[in-house]
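Report on the following structure.
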Amino acid sequence: MLKFIKHHVDSIVGIEIYPIISLLLFFLVFTVMLIYAFRIPKESIEEKSSLPLDND
Amino acid sequence: MEKEQFYYDNKIVKMFLIATVLWGIVGMLVGLLVAFLFIFPNYMEGISWLGFGRLRPLHTNAVIFAFVGNSIFMGVYYSLQRLLKTRMFSDVLSKIHFWGWQLIIVAAAITLPLGITSSKEYAELEWPIDIAITLIWVVFAINTIGTILIRRQRHIYVAIWFYIATIVTIAVLHIFNNLELPVSSFKSYSIYAGVQDALVQWWYGHNAVAFFLTTPVLGLMYYFVPKVANRPVYSYRLSIIHFWSLIFIYIWAGPHHLLYTALPEWAQNLGTVFSVMLIFPSWGGMINGLLTLRGVWDKVRENPILKFFVVAITGYGMSTFEGPMLSFKNLNAIGHYTDWIIAHVHIGALAWNGFMAAGITYWLAGKLWRTELYSKKLANVHFWIGTMGILFYALPLYVAGFTQASMWKQFNPDGTLVYGNFLETVTQLMPMYALRAFGGTLYLTGFILLGYNVVKTAIKGQAVEDELAEAMPLKEVPSRRMSGETVHSWLERRTVLFTILTTVAIIIGGVIEIIPMIVVKSNIPTITSVKPYTPLELEGRDIYIREGCNNCHSQMIRPFRSEVERYGEYSKAGEFVYDHPFLWGSRRTGPDLHRVGGKYNDNWHFNHMLDPQLTSPGSIMPKYPWLIKDDLDISQTNNKVNAMVILGVPYTQGELDKAVYLLQSQAAEVEKNLRQDPEFVKNYGDANIQDKEIVALIAYLQRLGTDIKAEQTAQN
């Protein structure tokens, strides 16, 4: 089904910019997030991950 | 500062729990009825509202929105109050949400069997119900955000991030996919047509699975799995990555599937690497869920609730692996239109959604009625027959999918199809359908045991409707980021900002996906010979929609040799420009119909609708005798044509003025054709067939895919 639509979407002038924007944007967010997450100090994490266990 | 006392609202959770169990049984029962229609196609003979095309949307809607929907609300209302240490923002809103949602479900259960449908998958409900859904969703949103704002817990836990993303995204998806022009109180036409309608519909379809069946349930997983196992989640870091990449992933995945070939080479290479990396977020979630149980696997052996969770999360992992696989061109060419897809979605529905809901229900039953579960043994029995049910459901359908795909594609040395008769590829699958129905029966039986167990637990225990709790009020802190506070930690207490960022994330993705869909309309080459449907054909098309023919028949011939050989010239985008809504379908239980026009004579269609087995021995299509008995309703014909004009379909003023006259004269033509068959004259004598519904349907079917032939004739 997509193969069939693809051709018409492909031929829109300047369309390649959309997947490139989305690719780069996602790549950036994903990478920054990855680096950021692994630098979070441990103490700050332990407290929050035990939130569901806090009470009933 | 002193601790404040307050009460958790357990009553609303209990109400959603009861609704989950009831609608779960109903939804699965309808699924079973539908499964049995495959093996005994005539067992509901002559009852229009129990035909496959009408029951199938009822089954999918009941399971998705009634069963899974209520189970989500049950879990959200329980966990939200505890995670935020407060009662829900407003009891009134909670009640409106609950009763409003149940009313919507009842409305769906009445309208879908009556054939009141917009035909768009998982968005079949007609416009008044769509508006009701929007309103109730807003109530849910206000109640949730309100609760977050009055919280006594500074940081909002990961589960709540997923709830927020769900609320925001479902609102956007629901509104954009259901933009339709009302014709009467229960009939509307999609404002999009053909290719564009299909793109918007599957943008919705794909993301609805992500944001209704996945993100909220992941939220529940992040709360209930640690809770039941009594251990913190495996990695909070992973959950941050999991959340943001999952809600951001769609901006990549959507255009990626559609526009891959338009990409320059460097981007394609990066994209390939990236596609592999994308397994990270969903599998990250699965790993996070499963590894929360590290060190307590002994508990899994004893605790049926944890068993349910383990199978559910494994099912999630399987589906999210299979999904990307199916997006590969070669695998998609095999899977699309076959039972493979049905198997795939049921791994998601039965394992991931069904078992998460079951686990949470068992756990909450104990909590809400302040007692031990009535029978752990029974829950274990449920677990095992449910698991067997999943296997018996899915495995035969995988086999069926591959079998049928391969039969569709086999050629003789002389270039003809080995299985030229479509029916051969259906009758071959009968044993698989029987096994599937058996699997479904097992699964439903297990779920009924759950219902029994919950009732017994409720009788045994004592319901606590308002549960006393206490917590310290929140201390004032500056809204800016404090020293030593990480960015995400700061965000977790700035909930409004958090919600806005989430919205921005999904909107960026949405916009990047939707702009090409808006532009595509002007990019579809027009085919001059493609003309609007005549008034009679338009009415026939609406009967096609009412009977849900698109649930079994596609109208989209792919450019494969095997399909062109079987059905004729492959479909062109320009042929669908007047199709409000599009009717491409997603599963070929029967053959494609895009080029059925002119393939058979009118009498064949007449006899086929009366009794499909007469014209096609062994057919599993139901009979449609009421089409021959019931008069065609032409009271809305003028309105329908007018609505089409508003949507941009170029009817002339003459056609507009004489719509009913044109309809009647074409109907008379069809009856004249039918009367050429002496057999027909013998059976129907003087009967006035031209006023019947069948005539409109025949006119529509005979028109399908024929416009392009006129073009070819003109060229010769």
Side-chain angles (χ1 to χ4, degrees), chain A, chain B residues 79 82-83 85 153 155 157 159 195 198-199 222-223 226-227 230 232-233 236-238 240-241 244-245 248-249 251-252 255-264 267 270-271 274 277 329 332 336 367 469 471 486-489 492 508-509 512 515-516 519-520 523-524 556 558-559 571 573 584:
Chain A
M1 189 173 88
L2 291 184
K3 196 175 169 188
F4 163 83
I5 312 170
K6 255 181 196 168
H7 171 67
H8 301 283
V9 184
D10 274 0
S11 53
I12 299 171
V13 181
I15 194 69
E16 58 288 342
I17 198 70
Y18 291 94
I20 293 177
I21 293 175
S22 75
L23 173 62
L24 293 182
L25 212 58
F26 184 77
F27 193 88
L28 270 166
V29 172
F30 188 77
T31 325
V32 169
M33 203 50 104
L34 207 65
I35 297 166
Y36 169 80
F38 281 98
R39 292 181 51 185
I40 301 174
K42 208 170 177 194
E43 315 81 71
S44 130
I45 276 178
E46 273 174 3
E47 180 204 337
K48 277 177 239 154
S49 49
S50 58
L51 281 180
L53 311 176
D54 228 18
N55 61 354
D56 238 320
Chain B
S79 59
R82 269 110 191 135
L83 284 169
K85 298 207 170 89
Q153 168 64 53
H155 291 280
Y157 179 67
V195 170
L199 280 167
Y222 274 115
Y223 178 80
K227 194 84 200 166
N230 200 23
V233 64
Y236 200 75
R237 290 191 177 99
L238 196 53
I240 295 179
I241 303 168
W244 287 104
S245 42
F248 228 66
I249 210 169
I251 72 168
W252 161 244
H256 159 82
H257 294 327
L258 273 181
L259 308 170
Y260 201 67
T261 48
L263 280 172
L270 187 58
F274 213 53
M277 278 171 67
K329 227 193 289 189
N332 192 274
H336 196 58
K367 292 281 165 197
T486 61
V487 179
H488 208 272
S489 192
E492 286 165 24
I508 293 176
I512 290 180
I515 288 180
V519 183
V520 76
N523 227 50
I524 291 164
M556 165 54 60
R558 294 176 290 180
S571 306
W584 294 359

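Predicted, not measured: the structure shown is a model, and the values here were computed from it. Order of the sequence lines sets the chain letters (A, B, ...), proteins ahead of strands, with each chain counted from 1.
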Exercise for the section: Go through A:K48, A:E46, A:M33 and name the one with the most non-hydrogen pairs under 4.5 angstrom from chain B. Expected result: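 Greatest number of close heavy-atom pairs with chain B: A:K48.
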For the [atom1] atom of [X] and the [atom2] atom of [Y], what is their distance to the nearest 0.5 Å?
X: B:Y222; Y: A:S49; atom1: OH; atom2: OG; result: 11.5 Å
X: B:K227; Y: A:L51; atom1: NZ; atom2: CG; result: 10.5 Å
X: B:L238; Y: A:L34; atom1: CG; atom2: CG; result: 9.5 Å
X: A:F30; Y: B:I241; atom1: CZ; atom2: CD1; result: 7.0 Å
X: B:T486; Y: A:I45; atom1: OG1; atom2: CD1; result: 8.0 Å

Exercise for the section: With sequence neighbours left out, write down each residue that passes side chain to side chain donor-acceptor pair (under 3.5 Å) with B:H155, or none if nothing qualifies. Expected result: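 Partners of B:H155 under the side chain to side chain donor-acceptor pair (under 3.5 Å) test: none.
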Handout entry: side-chain contact (heavy atoms from CB on, under 4.5 Å) partners for A:I35, two or more places apart
Key =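 Residues passing side-chain contact (heavy atoms from CB on, under 4.5 Å) with A:I35: A:T31, A:R39.
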